[in-house]
Amino acid sequence: MSGFKRDRQGNAKKHDGPQQPPKSIVRNAYTPMFEQLRDELDEHHDRRDRIGKASRDITALSKKIIFSLQRVSKIEEQLPADIQTEIDLRLAEISKLLASIAPDVQAINRYRYSRSLVCLEELVEAITFLHYLKTQTLISHKELDPIVEDITRQGFAKEDEVMTSAPDIATPVLAAQETKAPPTISLTDDDYVYGLFDLTGEMMRFATTTSALTGKMASGDLGGDDESESRDIVQDMHDLGSFFEMLPLRSGNRTQWGKKLEVMRQSVQKVEKLGYDMKVRGSERPKGWVPDLSSNDQPGSPE
């Protein structure tokens with residue numbers, strides 16, 4: 001590899017000899033074809049970098065929404081005002097990011113860059129968790145897809161029309177009928193299913209926290225009949241875990257499917273154990289009881 005000769009001060013030495021003329025670029029009938037391929041590859045790499053950067057930011061914002069939701073103490077239709085404000089701000093930022101990459105993931109590019117759009121799994125996890133805390137129900141793919149499209153559409157609004165509040169997660173948002181609608185991002189089946197896998201982990205953390213603070217398993221008072229009133233998060237985890245167990249093995253990345261399925265099973269078992277413990281030993285523990293983590297209670301510690 002050729003380079004410059006430098007003096008003791010690090011400056012490049014000037015060549016005293018004759019300068020060779022620059023080599024002329026040889027062109028033939030195939031040159032335009034390769035130049036077009038070069039331009040397409042440059043566009044591909046630039047597009048993938050934009051999607052990857054936006055995906056990382058959307059993932060971080062979705063995690064912040066989940067962290068805010070974990071501060072909720074019970075299942076109820078109306079969230080605390082401060083938590084709702086935080087969620088609205090995060091969703092407004094996510095809408096701008098989704099709108100910035102929406103033109104890059106249309107048609108076949110939606111699947112070409114699916115691995116770079118892993119942020120949608122985190123967004124599904126955040127929205128489904130928000131929906132569960134409000135309604136104690138699981139939002140379907142058909143209901144969730146218009147909501148994500150509407151969040152993307154909000155990002156194209158003018159600065160004075162930016163979304164100031166989150167869309168009503170409990171009810172699907174219908175797409176606006178416009179002659180020239182802005183491009184949107186829709187959810188694939190993998191985005192939805194893998195997002196639900198991660199939802200079980202957040203439900204497990206929510207059940208653990210609320211049971212330690214309230215002395216009982218989280219449940220919502222959102223129904224009118226006795227069955228709805230008596231249903232708690234243990235039964236919800238049972239139902240969700242049973243549905244996943246009944247699903248056939250999906251084609252594609254079977255390793256990822258197997259890992260997420262195993263983590264889901266562990267989350268369900270933890271909530272089961274917590275529910276059994278609260279049922280059997282609940283009367284012996286006062287409200288607000290938390291495990292004693294002193295050294296004498298740790299496994300393997302000396303008596």
Side-chain angles (χ1 to χ4, degrees), residues 51-52 54-56 58-63 65-66 69-70 91 94 97-98 101-102 105-152 167 169-173 175 184-207 233-272:
I51 296 174
S55 179
R56 290 190 293 270
I58 294 172
T59 299
L61 290 169
S62 300
K63 288 183 180 296
I65 292 177
I66 295 173
L69 292 173
Q70 287 292 356
L91 286 176
I94 290 176
L97 293 170
L98 289 175
I101 61 175
V105 291
Q106 298 302 306
I108 195 174
N109 284 343
R110 176 62 183 85
Y111 299 91
R112 185 183 186 185
Y113 301 101
S114 59
R115 295 185 63 181
S116 300
L117 288 172
V118 69
C119 61
L120 295 179
E121 297 178 15
E122 200 73 30
L123 181 60
V124 168
E125 179 185 358
I127 296 179
T128 52
F129 189 38
L130 172 60
H131 184 272
Y132 177 79
L133 293 182
K134 284 187 172 184
T135 65
Q136 202 181 359
T137 58
L138 180 64
I139 188 171
S140 65
H141 187 188
K142 186 177 181 180
E143 295 172 331
L144 183 58
D145 205 21
I147 293 176
V148 176
E149 291 180 355
D150 187 74
I151 293 176
T152 307
I169 304 300
T171 57
V173 181
T184 60
I185 298 178
S186 58
L187 298 174
T188 63
D189 293 340
D190 288 343
D191 295 333
Y192 178 73
V193 173
Y194 287 140
L196 292 188
F197 269 123
D198 298 335
L199 171 65
T200 57
E202 299 306 325
M203 293 175 64
M204 179 270 295
R205 295 181 184 92
F206 177 75
I233 196 170
V234 179
Q235 182 176 347
D236 295 337
M237 292 286 287
H238 269 154
D239 295 341
L240 190 57
S242 299
F243 292 149
F244 276 119
E245 294 290 353
M246 290 187 295
L247 287 176
L249 182 63
R250 295 177 61 87
S251 59
N253 193 345
R254 298 192 176 187
T255 302
Q256 182 181 7
W257 178 271
K259 290 181 178 179
K260 286 186 175 291
L261 186 62
E262 183 60 29
V263 174
M264 182 274 300
R265 290 168 179 166
Q266 294 175 3
S267 299
V268 173
Q269 290 173 1
K270 289 179 181 178
V271 176
E272 286 178 350

Determine whether E143 and I147 satisfy the following criterion, side-chain contact (heavy atoms from CB on, under 4.5 Å), listing intermediate values before the conclusion. CA-CA 7 Å; E143 295 172 331; I147 293 176; 5.7 Å; no
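Between D190 and R115 there is no salt bridge, since no side-chain N of the basic residue sits under 4.0 Å from a carboxylate O of the acidic one. The existence of a salt bridge linking E245 and R265 is confirmed by a sub-4.0 Å separation between a basic side-chain nitrogen and an acidic carboxylate oxygen. Using a cutoff of 4.0 Å between basic side-chain nitrogens and carboxylate oxygens, E262 and K259 are not scored as salt-bridged.
Rounding to the nearest 0.5 Å places CG of L240 at 7.5 Å from CE of M264. Atom CG of D145 and atom CG of D150 lie 11.5 Å apart (nearest 0.5 Å). Expressed to the nearest 0.5 Å, how far CG of L196 lies from CD1 of I139 amounts to 10.0 Å. In this structure, OG1 in T255 is found 13.0 Å from NZ in K260, a value given to the nearest 0.5 Å. Rounding to the nearest 0.5 Å gives a distance of 11.5 Å between OH of Y192 and CD1 of I127. Interatomic distance, E125 CD to I65 CD1, rounded to the nearest 0.5 Å: 11.0 Å.
Between I233 and Q136, the closest side-chain pair of non-hydrogen atoms is not below 4.5 Å. Contact of the I101 side chain with the I185 side chain is registered, since non-hydrogen atoms from C-beta on lie closer than 4.5 Å. For the pair V118 and S55, the minimum side-chain heavy-atom distance is below 4.5 Å. A heavy-atom distance below 4.5 Å is not found between the side chains of L120 and T59. Side chains of C119 and R56 form no contact here, defined as non-hydrogen atoms less than 4.5 Å apart. Side-chain contact check for I94 versus T152: every heavy-atom pair is 4.5 Å or farther apart. L199 places none of its side-chain heavy atoms less than 4.5 Å from the side chain of V124. Taking 4.5 Å as the limit, some side-chain heavy atom of M237 sits within range of a side-chain heavy atom of T200.
Between I66 and E202, the closest heavy-atom pair is CG2-OE1, 3.2 Å. The nearest pair of heavy atoms linking S116 to I51 is CB-CG2, 3.8 Å. For T184 against Q106, the heavy-atom pair with the smallest separation is O-NE2, 3.0 Å. Closest heavy-atom contact between H141 and L187: NE2-O, 3.2 Å. The two residues M204 and S267 make their nearest non-hydrogen contact at CG-O, 3.7 Å.
Between F197 and F244, the ring planes are parallel. Angles under 30° get that label, and only those over 60° would be called perpendicular. Note on ring orientation: taking the six-membered ring where Trp is involved, the planes of F129 and F206 are perpendicular (angle over 60°, cut-offs 30° and 60°).
No hydrogens or angles considered: a donor-acceptor pair under 3.5 Å links the side chains of H238 and E272. Between D236 and Y132, the side chains place a donor N or O and an acceptor N or O closer than 3.5 Å (distance only, hydrogens not considered). Inspection of the T188 and D191 side chains reveals an N or O donor paired with an N or O acceptor under 3.5 Å.
Judged by distance alone, with hydrogens and angles left aside, the side-chain atoms of H131 form no donor-acceptor pair with the main-chain N or O of L138 at under 3.5 Å.
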